[in-house]
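As the structure lists them, so they are numbered: ligands from 1, and atoms in each ligand from 1.
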Amino acid sequence: MPASKKYALWVIVAFAVIFLGIILYFTLTPKDSQTFMHKKRPHIIVIIADDLGRNDVGFHGSNQIPTPNLDALAYNGIILDRHYTQYCCTPSRAAFLTGNYPIRSGMHGYPLKPGENRSIPTDTPTMPERLKKLGYKTHLVGKWHLGAAYRKNTPTGRGFDTHFGYWNGFVSYFDYLLYMKLPNGSLLQGFDLHDGFKSVWEGQGKYATELFTEKSIEVIEKHAVEEPLFLVVSHLAPHTGKNGNELEVPDATVTDTKYHYIEEPLRRNYADVVNLMDDSVGQIVKKLSDKNMLDNSIILFFSDNGAQTVGLYQNSGSNWPLRGVKFTEFEGGVRVAAAIFSPLFKKRGYVNTDLIHLVDWLPTFYAIAGGDLHDLGKIDGINQWDTLSRNLRTNRSEILLNVNEVDNASAIISTLNNRVFKLLKGTYESGFYDEHYGESGRGPEVPLYNVSSILHSSTNQAIETATGSTTTKDTIEKLRHSTDLSWCRSTNTNVNCTQGCLFDLETDPCETTNKIKSNPDVAARLYRRLEEFAAELVPQTNREPDPASDPAFYNNTWCTWLDDELCVKTNKVSS
Ligand SMILES: *[C@@H]1O[C@H](CO)[C@@H](O)[C@H](O)[C@H]1NC(C)=O
Ligand SMILES: *[C@@H]1O[C@H](CO)[C@@H](O)[C@H](O)[C@H]1NC(C)=O
Ligand SMILES: *[C@@H]1O[C@H](CO)[C@@H](O)[C@H](O)[C@H]1NC(C)=O
Ligand SMILES: *[C@@H]1O[C@H](CO)[C@@H](O)[C@H](O)[C@H]1NC(C)=O
Ligand SMILES: *[C@@H]1O[C@H](CO)[C@@H](O)[C@H](O)[C@H]1NC(C)=O
Ligand SMILES: *[C@@H]1O[C@H](CO)[C@@H](O)[C@H](O)[C@H]1NC(C)=O
Ligand SMILES: *[C@@H]1O[C@H](CO)[C@@H](O)[C@H](O)[C@H]1NC(C)=O
């Protein structure tokens with residue numbers, strides 16, 4: 001072959017390689033990741049509180065319970081003022097992990113009972129399964145509450161590389177025991193602290209919040225920083241612990257001294273439990289900063305639902321001044337304390353008042369992690385990244401709070417003519433939880449808000465180290481003032497929503513006045529939407545606890561009893 005021809009051939013080959021390279025680059029690079037093409041996938045850390053009241057964080061205006069770390073996270077990040085959840089635990093966690101309203105999977109009813117054979121359907125992908133496909137390492141510390149009859153239903157069967165914590169709804173803070181009453185009155189009790197499938201007996205005696213913090217820090221410590229991390233820290237706090245009616249603290253004398261200005265003993269303990277959880281947030285954020293991960297992290301905090309001020313598992317938390325508690329569709333049950341921080345946001349240090357629902361986090365995280373939203377198929381969640389990062393108005397104009405075909409309580413929120421309406425129909429337990437409850441935390445006996453403790457918190461210092469700047473006293477005061485809903489407080493008891501209530505949430509977030517008569521068109525439209533959702537729902541699959549799950553058969557532990565060849569079997573020992 002003559003030299004010139006050889007040369008021409010080489011040129012053609014070279015061009016072909018370059019051309020192929022360009023094509024491959026553009027087809028293989030996910031479109032949603034374009035702003036992040038040159039950046040690493042962010043670490044995603046989600047901290048979940050259990051039954052925390054909207055009024056029980058400093059950034060919502062109460063001085064009663066110091067939460068300097070959560071406050072620092074919120075003021076340096078974004079306060080999510082209209083962050084909605086489901087009315088209780090299992091449905092909320094199902095919504096968060098699937099990106100779909102729980103009516104899509106029959107998980108929208110009463111929370112899972114221990115020994116109940118039910119789970120997120122195995123063919124419904126979860127957030128950790130999705131993120132693993134994008135290269136994430138996935139870890140859950142703390143509560144699960146989405147099924148544990150079979151190993152495939154537990155966290156490590158549903159996409160988490162590791163899980164350290166408990167499978168059921170709650171445990172006691174020191175001994176990790178959980179009881180269950182069978183319909184015939186007989187009591188099952190067992191130990192529920194697991195590392196994967198191993199019972200962690202040596203954890204007994206360690207305080208849950210501290211143990212979960214220690215484990216979360218261990219996860220971050222062991223994590224290889226060049227890989228993206230997805231860590232969910234799902235606290236027991238401030239749910240009730242022992243026997244479902246106590247709130248255990250490490251040292252009762254310290255608690256009583258520190259919170260002497262709170263009259264009710266249970267609420268003194270609650271204050272300490274919340275404050276210790278806040279301390280945990282500080283330790284985790286500091287660890288992220290020490291590992292040089294914070295500058296590429298997103299930290300989301302929310303409560304799974306409102307506080308259970310009264311009734312079953314009452315913890316004396318406060319959703320003041322909102323109406324209702326956990327288990328209701330009133331704002332107190334579903335408009336929760338929430339905030340998000342990330343140095344990756346273009347705008348930070350503001351209050352976001354857009355409608356955001358738990359189902360939005362899956363597409364939001366998936367997109368920012370470089371995933372193609374088409375992979376998720378048709379889901380209820382939407383990508384809220386631009387709404388948060390650039391404070392642009394959201395594309396979400398509706399939130400289905402629930403359609404419940406068993407207790408017949410349904411609610412939907414909709415933005416119409418620039419107003420935010422809520423239609424609520426039916427009630428839970430004949431209206432037992434439908435009033436305004438909880439302490440305002442604003443009496444003269446309560447200490448002043450300590451801005452300096454926020455500026456000196458571990459979280460604020462870690463943020464300063466990672467980003468070079470932090471919030472200021474002026475910003476703190478301005479933001480805090482703007483989320484305060486004191487102006488709408490009410491003791492109005494005269495609302496009966498059995499037949500339907502329409503509330504204007506902008507002017508009446510405390511849900512005092514039924515506007516159904518003056519807005520018949522809006523009401524008709526929202527009734528219709530509820531009917532449309534009702535026609536699509538997958539009926540609730542709740543079952544009674546299976547007597548075969550009795551921990552007495554399994555060395556007094558809650559085990560994955562339908563995989564029972566894998567459980568430690570004992571002759572029935574009485575506990
Ligand atoms: C447990 O639930 C699964 C899923 O609904 C079902 O396939 C299975 O048969 C149930 N097992 C028992 C023992 O009820
Ligand atoms: C209640 O039911 C369980 C399971 O069927 C049984 O083992 C237990 O003996 C019953 N207790 C009483 C008090 O009848
Ligand atoms: C709303 O949706 C449109 C169309 O998909 C999109 O272009 C726009 O960025 C979205 N807005 C926000 C704030 O996400
Ligand atoms: C809910 O409605 C259904 C159908 O109308 C009815 O059978 C059921 O008893 C209702 N449940 C309650 C708790 O009222
Ligand atoms: C406020 O917090 C700072 C820093 O944590 C502390 O030194 C100070 O004593 C606190 N002030 C009051 C009045 O409690
Ligand atoms: C609410 O109204 C319904 C009828 O619409 C009635 O049956 C119920 O007793 C009322 N509840 C209360 C708490 O007044
Ligand atoms: C059974 O439970 C006891 C604690 O009650 C624990 O010390 C022991 O290791 C358990 N046995 C097995 C085989 O796991």
**Q** Tell me, which pairs form a disulfide bond (SG atoms under 2.5 Å apart) where one or both residues lie in residues 525-564, sequence neighbours left out?
**A** C559-C567
**Q** Taking side-chain hydrogen bond (donor to acceptor under 3.5 Å, both in side chains) as the test, write out the residues that go with Q308, two or more places apart.
**A** none
**Q** What pairs of residues pass the side-chain hydrogen bond (donor to acceptor under 3.5 Å, both in side chains) test when at least one of them lies in residues 409-418, not counting sequence neighbours?
**A** none
**Q** Can you establish whether the number of heavy atoms outside E263 located under 6.0 Å from its atom CD is more than 12?
**A** no
**Q** Which word best sums up how the rings of F327 and Y87 line up, parallel for under 30°, tilted for 30 to 60°, or perpendicular for over 60°?
**A** perpendicular
**Q** I need the atoms of ligand 2 closer than 4.0 Å to a non-hydrogen atom of S186, numbered in the order shown.
**A** 1 (C), 11 (N)
**Q** May I ask you to list the atoms of ligand 6 that are less than 4.0 angstrom from any heavy atom of Q499?
**A** 5 (O)
**Q** P547 heavy atoms, cut-off 4.0 Å: which ligand 2 atoms fall inside?
**A** 4 (C), 5 (O)
**Q** Quick check on ligand 4: any N or O pairs to the protein under 3.5 Å? One line per pair.
**A**
from     : atom 1 : to   : atom 2 : distance (Å)
ligand 4 : 2 (O)  : N408 : OD1    : 2.9
ligand 4 : 2 (O)  : N408 : ND2    : 2.4
ligand 4 : 11 (N) : V406 : O      : 3.1
ligand 4 : 11 (N) : N408 : ND2    : 2.8
ligand 4 : 14 (O) : N408 : ND2    : 3.3

**Q** Considering only heavy atoms from C-beta outward, does the side chain of Y428 approach that of N404 to under 4.5 Å?
**A** no
**Q** Determine whether the aromatic ring centres of F302 and Y84 lie less than 6.0 Å apart.
**A** no
